[in-house]
Amino acid sequence: MSFFSFGQSAEIDIVLNDAETRKKVEHKTEDGKKDKYFLFYDGETVSGKVNVTLKNPGKRLEHQGIKIEFIGQIELYYDRGNHHEFVSLVKDLARPGELTQSQTFDFEFTHVEKPYESYTGQNVKLRYFLRATISRRLNDISKEMDIVVHTLSTYPELNSSIKMEVGIEDCLHIEFEYNKSKYHLKDVIVGKIYFLLVRIKIKHMEIDIIKRETTGTGPNVYHENDTIAKYEIMDGAPVRGESIPIRLFLAGYEMTPTMRDINKKFSVRYYLNLVLIDEEERRYFKQQEITLWRKGDIVRKSMSHQAVIASQRFEGSSSAEKALAQAKEDSN
């Protein structure tokens, strides 16, 4: 807006170069709604155009410079005044001067490091966005455009099963086993519950998936538990020697990969919670942490076989660009 509505003002629009072909994904906003955003991965280039449209043709727009920024930041809701930036890149599009007509500026941030996954939680938000700014003496004109980043992981080499015994002395003794301790977001949890001793009347058993978000440090640590899923295993009284199979499909639930100590600001962990309820409504439960990760097959469909092999060399987050680059290098 211009001062007292006199003089020249402008509108800014940010357009990505590959907007027509780049995939969009749904992402939850802070108010709980879902919007679609362009999807990026670590190492991918972000490029496009900034369109500046003058509102009053024929009038000049004086400015102190035009720039675009690529920003990755973490915002803790209890400390909204401070934004913790872990990525901050700037490109100057125009030196101080004046615009006499609408103009388009090209920009490119090459092979941008995007180390963490986009996340909107109960007490914290991690976001990536582009911000174009026309600097002025009295009031800047700016426009932001959010994008979503997914972190891809390779298959864990060590993925041992989970096997635990739990019970109450002389009353209940059960053994539960899950096939793995690390699951990708579209995976299936397969397991079994063995009843070795049953002297209390159990009427119901379920498995819950619990997400635990931890923010802050020291005395200012906040834990927020959210039950993502409830899966009924059994309805009725088991007997000694009985075993109950478990098959829980993860694809139907909204979950992120496990996030540990992200920029020393927050963590997101997931737990399988085995719950038994007896006829007197007493609850017995046992929690076991699992690791969730995002499989990279979606990106790799369009890659060559060599690129797939190359991409597997990158532990943690990986991207199509890294994989293709490595594949080209290997072929030389």
Side-chain angles (χ1 to χ4, degrees), residues 23 25-28 34 39 41 117-119 121 148-166 174-196 202 204-213 225-236 238 241-260 267-277 284-303 305 308-309 311-312 314-318 320:
K23 182 180 177 180
V25 293
E26 283 191 341
H27 187 74
K28 188 173 71 173
K34 289 182 182 177
L39 174 63
Y41 298 94
E117 174 130 350
S118 298
Y119 177 75
V148 166
V149 171
H150 283 175
T151 56
L152 303 180
S153 299
T154 54
Y155 192 86
E157 291 182 9
L158 296 175
N159 200 354
S160 56
S161 62
I162 300 171
K163 191 172 183 179
M164 296 184 70
E165 293 185 9
V166 60
I174 63 174
E175 183 179 274
F176 62 91
E177 184 175 2
Y178 305 119
N179 60 329
K180 295 184 287 189
S181 57
K182 301 172 184 177
Y183 298 90
H184 63 76
L185 297 181
K186 307 294 182 185
D187 216 336
V188 183
I189 296 175
V190 178
K192 273 190 176 182
I193 307 291
Y194 302 94
F195 290 89
L196 307 177
I202 297 171
H204 180 75
M205 180 186 287
E206 69 183 26
I207 282 187
D208 303 337
I209 300 177
I210 296 175
K211 181 179 82 170
R212 181 171 298 159
E213 177 186 291
N225 287 346
D226 186 16
T227 301
I228 302 295
K230 284 181 178 288
Y231 177 75
E232 184 179 280
I233 301 172
M234 179 200 70
D235 187 13
E242 190 173 358
S243 66
I244 299 175
I246 300 169
R247 188 171 290 270
L248 177 56
F249 293 84
L250 299 179
Y253 304 107
E254 294 181 12
M255 295 186 289
T256 67
T258 296
M259 307 168 83
R260 291 189 174 92
S267 297
V268 179
R269 289 183 161 89
Y270 291 89
Y271 297 83
L272 290 178
N273 189 35
L274 180 65
V275 182
L276 291 80
I277 303 170
Y284 311 91
F285 61 89
K286 183 70 174 180
Q287 283 190 2
Q288 176 64 43
E289 184 175 2
I290 58 172
T291 299
L292 298 182
W293 55 283
R294 189 181 295 281
K295 201 173 182 180
D297 287 355
I298 298 170
V299 175
R300 292 171 188 161
K301 283 180 182 177
S302 59
M303 292 188 199
H305 178 66
V308 174
I309 295 172
S311 68
Q312 292 172 347
F314 292 85
E315 294 184 8
S317 60
S318 64

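Below, all heavy atoms of this structure are taken into account, side chains as well, without hydrogens, waters or symmetry copies. Predicted model, so just to flag it, every value in this text is computed and none were measured.
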Open item on the list: For the backbone of T256 and the side chain of Y270, can you confirm whether one donor and one acceptor N or O come within less than 3.5 Å of each other?
Closed with: yes

- [ ] Ignoring hydrogens and angles, tell me if any N or O in the side chain of N159 forms a donor-acceptor pair with the backbone of K182 under 3.5 Å.
- [x] yes

TODO: To the nearest 0.5 Å, tell me how far E177 CD sits from I246 CD1.
DONE: 10.0 Å

Task: Non-hydrogen atoms of A251 and K186 that approach each other most closely - done: CB-CD, 3.9 Å

Open item on the list: Can you confirm whether K180 is buried at NZ, in the sense that more than 12 heavy atoms of other residues, nucleotides or ligands lie under 6.0 Å from that atom?
Closed with: yes

- [ ] Please confirm whether the backbone N or O of R247 pairs with a side-chain atom of Y231, one donor and one acceptor, at under 3.5 Å?
- [x] yes

Open item on the list: What's the separation between atom CG in L276 and atom CZ in F195, rounded to the nearest 0.5 Å?
Closed with: 6.0 Å

Open item on the list: With rounding to the nearest 0.5 angstrom, report the OG to NE2 distance, S153 to H184.
Closed with: 12.0 Å

Open item on the list: To the closest 0.5 Å, what do you measure between CG (D226) and CD (E213)?
Closed with: 9.0 Å

Task: E117 bridged to R294 by N-O distance under 4.0 Å - done: yes

Open item on the list: Does R269 form a side chain to side chain contact (heavy atoms under 4.5 Å, CB included) with E289? I'd like the steps, not just the answer.
Closed with: CA-CA 7 Å; R269 289 183 161 89; E289 184 175 2; 3.1 Å; yes

Task: Step-by-step side chain to side chain contact (heavy atoms under 4.5 Å, CB included) determination, T227 to N273 - done: CA-CA 10 Å; T227 301; N273 189 35; over 6 Å; no

- [ ] Rounded to the nearest 0.5 Å, what's the gap from CG on D187 to CG on L292? Could you check?
- [x] 9.0 Å

- [ ] Find out whether I174 and K286 are in side-chain contact, i.e. whether some heavy atom of one side chain is under 4.5 Å from a heavy atom of the other.
- [x] no

TODO: Determine, stepwise, if the pair L274 / M205 fulfils side chain to side chain contact (heavy atoms under 4.5 Å, CB included).
DONE: CA-CA 8 Å; L274 180 65; M205 180 186 287; 4.1 Å; yes

TODO: Indicate the atoms forming the closest heavy-atom contact of K295 with L152, along with that distance.
DONE: O-CD2, 3.7 Å

Task: Short side-chain to backbone donor-acceptor contact, S118 and V149, under 3.5 Å - done: yes

Task: Spatial distance of atom CD1 (I209) from atom CD1 (I228) [nearest 0.5 Å] - done: 8.0 Å

- [ ] State whether the number of non-hydrogen atoms from other residues, nucleotides or ligands found under 6.0 Å of E254 atom CD is greater than 12.
- [x] no

Open item on the list: Just checking F285: does its CZ atom have more than 12 heavy atoms from other residues, nucleotides or ligands closer to it than 6.0 angstrom?
Closed with: no

Task: Side chains of I162 and I290 in contact at under 4.5 Å (non-hydrogen atoms) - done: yes

Open item on the list: With a 4.5 Å cut-off on side-chain heavy atoms, are I207 and Y178 touching?
Closed with: yes

TODO: Please examine the side chains of K23 and H150, heavy atoms only from C-beta on, and report whether any two atoms are closer than 4.5 Å.
DONE: no

